[in-house]
Amino acid sequence: MLENSQLMDLFQHMLYFTTIAITIILLPGLVIGFLVSIFQAATQINETTLSFRPKIIIMLLLLAFLSPW
């Protein structure tokens, strides 16, 4: 049976590794979205799907590449 301190340590490690795994996937999507929005503002293109496609492609590629980890 796990004690209270062991359970808290396990939960803390689980949250830490979950945060790292999510950040590795979401941070490049955030950067790509920011760059696409700067490009849209500079060229005055108001296409809504233009910002979603690169983010989805990058996130899916990262998921496929990092899935063994």
Side-chain angles (χ1 to χ4, degrees):
M1 189 101 191
L2 290 174
E3 291 183 21
N4 232 1
S5 62
Q6 291 174 332
L7 191 60
M8 290 299 288
D9 284 342
L10 183 64
F11 188 70
Q12 184 179 10
H13 288 294
M14 180 192 66
L15 283 176
Y16 175 73
F17 288 120
T18 303
T19 303
I20 288 175
I22 290 172
T23 303
I24 289 173
I25 295 170
L26 288 180
L27 194 60
L30 179 68
V31 171
I32 294 296
F34 181 68
L35 293 175
V36 168
S37 64
I38 288 175
F39 173 74
Q40 282 181 325
T43 59
Q44 295 180 353
I45 298 173
N46 290 327
E47 182 66 32
T48 57
T49 60
L50 184 65
S51 64
F52 292 118
R53 287 181 186 167
K55 286 192 286 189
I56 289 174
I57 290 170
I58 292 295
M59 289 177 159
L60 287 176
L61 287 174
L62 280 171
L63 277 173
F65 181 71
L66 298 174
S67 63
W69 181 65

(message) Under the criterion side-chain contact (heavy atoms from CB on, under 4.5 Å), I'd like the reasoning laid out for Phe39 against Ile45: C-alpha separation, chi angles, the key distance, then a yes or no.
(response) CA-CA 8 Å; Phe39 173 74; Ile45 298 173; 4.1 Å; yes
(message) Do Leu7 and Phe11 make a side-chain contact, defined as non-hydrogen atoms from C-beta onward lying under 4.5 Å apart?
(response) no
(request) Spell out, yes or no, whether Leu30 and Met59 are grouped together once hydrophobic residues are joined by side-chain heavy atoms under 4.5 Å, including indirect joins. (result) no
(request) Measure the CG-CD1 distance between Leu27 and Ile58 for me, rounded to the nearest 0.5 Å. (result) 12.0 Å
(request) Write down the atom of Ala64, the atom of Ser67, and the distance for their closest heavy-atom approach. (result) O-OG, 3.2 Å
(request) Nearest 0.5 Å please: distance from the CG atom of Asp9 over to the CG atom of Asn4. (result) 10.5 Å
(request) To the nearest 0.5 angstrom, please state how far the OG1 atom of Thr43 sits from the CD1 atom of Ile38. (result) 11.5 Å
(message) So, taking the atom named CG in Leu35 and the one named NZ in Lys55, what distance separates them when rounded to the nearest 0.5 Å?
(response) 11.5 Å
(message) Test of understanding: clusters of I, L, V, M, F, W, Y form through side-chain heavy atoms closer than 4.5 Å, transitively. Do Leu66 and Ile32 belong to the same one?
(response) yes
(request) Using a cut-off of 6.0 Å, state whether more than 12 heavy atoms not belonging to Glu47 lie near its atom CD. (result) yes
(message) If you define the side chain from C-beta out and look only at heavy atoms, does anything of Thr19 sit under 4.5 Å from Ile22?
(response) no
(message) Hydrophobic cluster membership, with links at side-chain heavy-atom distances under 4.5 Å among I/L/V/M/F/W/Y: are Ile25 and Ile57 in one?
(response) no
(request) Look at the side-chain heavy atoms of Ile, Leu, Val, Met, Phe, Trp and Tyr, link any pair under 4.5 Å apart, and say whether Ile20 and Leu62 land in one connected group. (result) yes
(request) Verify the cluster assignment for Met8 and Leu15: are they in a single hydrophobic cluster under the rule of side-chain heavy atoms below 4.5 Å apart? (result) no
